[in-house]
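A quick write-up on the structure given underneath.
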Amino acid sequence: MKMLCIDGGGIRGVFAVAILQAIEEEYKRPIAEYFDVIAGTSTGAIIAASVTLKKKMSEVLESYRVYGEKIFVRQAKVGLFKSVYSDEYLRRYFQKAFGELTLADIQKPLLIPAVDITHGKPYVHRSNYGHHESDDLSIKLWDAVLSSCSAPVYFPPNNINNNYLSIDGGLWANNPSLVCITEALHHFKKGMSDIHILSLGTGQQKIDFTIDKEKYWGVKQWLPFHFPSMKVTPKLLDLAVHLSSESVSYHCQLLLGDNYFRLNEELGEEIPFDEVKFMDELIELGKQVYQDRREEIRNFLENKI
């Protein structure tokens, strides 16, 4: 069983899209045709849903360019009294991309981790493939994706049919690989040796928490201000999701060995998830990673590892 798992990471998702686009262009087939199960968290949910619907990765990349600048326009400098960003354009983007499709309309296994903050629990949006916990398949696909993308402080929680509020799945499954392993074992009844995962990161930041002379730590250390713009860097959130992804990668590598194939790359600097100015750089990095690991990718796709 082949599974595609895509990390969260905001605008850094273009790194993963660039890799998938390179695969599509070389093999002339939609990405979805290579995988039995597709999973994505936060920005990875956008990509995973698009892959499931066989959207061209070149079009997905272009949509990131078009909407990225609009989505990350601040309505608040700090986010103390309202979310830093409105979800207006995020919602509009998803509604245009995914239309009126519901989870019931999608038979191919698609997993989108999110968090139900009303009831204080993690959960997974699943498409219509017979899982016993898929209790509400009437949810629109765009609504499920929006839930997984609603990063706390930066975007408001997503209201799911006035039943509960939902936020970013990256808080517990920024790398959805363990979610996929669990699904393969318990729902699809596969053994560990039958599970093959291609895991796509969104770049590894060098998040700097340098020791300084200040005795006390507060908001300005965890969420640094930048003058004169008063822009706040989402440093703490980026650190949390980075640690989540890397710890999951470590455990999946131990569990699956060579059947777990992770593509990620050191960024060499801090690239916050909301910095759209780095898009071109991240796209080029994704293309380079594809070229550097081309044979390994071919082996995975042809099931030789």
Side-chain angles (χ1 to χ4, degrees), residues 2-35 38-69 71-72 93 97 145 148-149 170 174-177 197-207 238 241-242 244-246 248-249 252 260-301:
K2 282 186 182 173
M3 312 180 96
L4 174 63
C5 301
I6 309 167
D7 284 20
I11 205 65
R12 295 194 304 270
V14 296
F15 169 81
V17 180
I19 293 173
L20 294 174
Q21 181 185 0
I23 293 172
E24 273 193 345
E25 290 177 351
E26 176 148 349
Y27 295 98
K28 312 299 182 188
R29 289 173 62 189
I31 295 296
E33 294 184 5
Y34 290 100
F35 297 95
I38 299 163
T41 304
S42 196
T43 197
I46 305 171
I47 304 164
S50 300
V51 167
T52 303
L53 299 181
K54 296 187 177 181
K55 290 180 176 289
K56 290 183 178 179
M57 291 297 102
S58 57
E59 294 175 2
V60 175
L61 200 56
E62 182 59 27
S63 69
Y64 268 78
R65 291 185 185 278
V66 170
Y67 281 92
E69 299 269 357
I71 290 166
F72 293 112
Y93 167 25
V145 173
S148 192
C149 289
N174 199 59
N175 175 348
S177 296
I197 290 179
L198 173 57
S199 172
L200 299 182
T202 56
Q204 294 174 286
Q205 293 190 81
K206 180 177 174 56
I207 302 175
D238 268 337
V241 296
H242 166 78
S244 171
S245 284
E246 293 311 306
V248 166
S249 294
C252 288
Y260 185 71
F261 182 34
R262 174 84 165 162
L263 292 175
N264 208 6
E265 190 68 21
E266 294 280 353
L267 299 177
E269 60 181 317
E270 289 185 15
I271 299 183
F273 68 78
D274 58 350
E275 278 289 6
V276 295
K277 67 182 181 182
F278 289 104
M279 271 197 287
D280 288 337
E281 181 181 327
L282 289 162
I283 291 167
E284 289 306 312
L285 184 61
K287 292 177 180 178
Q288 187 60 52
V289 167
Y290 176 76
Q291 290 301 325
D292 291 345
R293 305 191 68 179
R294 194 171 175 184
E295 286 308 308
E296 294 172 86
I297 293 169
R298 181 186 296 276
N299 286 339
F300 179 90
L301 296 176

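- By the 4.5 Å heavy-atom criterion applied to side chains, Asp7 and Leu200 are not counted as neighbours.
- Using modelled atom types, no side-chain atom of Ser199 and backbone atom of Arg262 make a donor-acceptor pair closer than 3.5 Å.
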Trace of the side-chain contact (heavy atoms from CB on, under 4.5 Å) decision for Leu20 with Ile6: CA-CA 11 Å; Leu20 294 174; Ile6 309 167; 4.3 Å; yes
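- With Ser245 as reference, Asn174 is the one residue of Asn174, Thr41, Asn175 to meet the side chain to side chain donor-acceptor pair (under 3.5 Å) rule.
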Intermediate values then yes/no, side-chain contact (heavy atoms from CB on, under 4.5 Å), Tyr27 and Tyr34: CA-CA 11 Å; Tyr27 295 98; Tyr34 290 100; 3.0 Å; yes
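- Residues Phe261 and Glu296 have side chains in contact (heavy-atom distance under 4.5 Å, counting atoms from C-beta outward).
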Atom pairs and distances, donor-acceptor, side-chain atoms in residues 61-68, under 3.5 Å, two or more places apart:
unit_1: Ser63; atom_1: OG; unit_2: Val60; atom_2: O; d: 2.6
unit_1: Ser63; atom_1: OG; unit_2: Tyr93; atom_2: OH; d: 2.8
unit_1: Tyr64; atom_1: OH; unit_2: Thr43; atom_2: O; d: 3.3
unit_1: Tyr64; atom_1: OH; unit_2: Thr43; atom_2: OG1; d: 2.5
unit_1: Arg65; atom_1: NH1; unit_2: Asp280; atom_2: OD1; d: 2.6
unit_1: Arg65; atom_1: NH2; unit_2: Asp280; atom_2: OD1; d: 3.2

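- By the 6.0 Å and 45° rule, Lys287 does not stack over the aromatic ring of Phe15.
- Counting only N and O atoms by type, the side chains of Glu284 and Gln288 include no donor and acceptor under 3.5 Å apart.
- Side-chain contact between Met3 and Ile38 is absent, with no heavy atoms from C-beta onward closer than 4.5 Å.
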Worked check of side-chain contact (heavy atoms from CB on, under 4.5 Å) between Ile19 and Val289: CA-CA 7 Å; Ile19 293 173; Val289 167; 4.1 Å; yes
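- Residues Ile11 and Phe278 form no side-chain contact, since every pair of their non-hydrogen atoms from C-beta on lies 4.5 Å or further apart.
- With 3.5 Å as the limit, one finds no donor-acceptor pair spanning the side chains of Tyr290 and Gln21.
- When the shell of 6.0 Å around NZ of Lys2 is examined, it contains more than 12 heavy atoms from other residues, nucleotides or ligands.
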Trace of the salt bridge (Lys or Arg N to Asp or Glu O under 4.0 Å) decision for Lys55 with Glu59: CA-CA 7 Å; Lys55 290 180 176 289; Glu59 294 175 2; 5.9 Å; no
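- In this structure a side-chain-to-backbone donor-acceptor pair under 3.5 Å is missing from Lys54 to Ile31.
- No side-chain donor-acceptor contact under 3.5 Å links Glu295 and Asn299.
- Of all the heavy atoms in Leu285 and Glu265, the pair that sits closest is CD1-CG, 3.8 Å.
- Here the closest heavy-atom approach between residue Ser42 and residue Gly8 is recorded as CB-CA, 3.9 Å.
- Geometric assessment of Arg12 against the ring of Phe273 yields a negative cation-pi assignment under the 6.0 Å and 45° thresholds.
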Candidate pair Met57 and Glu25, rule side-chain contact (heavy atoms from CB on, under 4.5 Å), full reasoning: CA-CA 9 Å; Met57 291 297 102; Glu25 290 177 351; over 6 Å; no
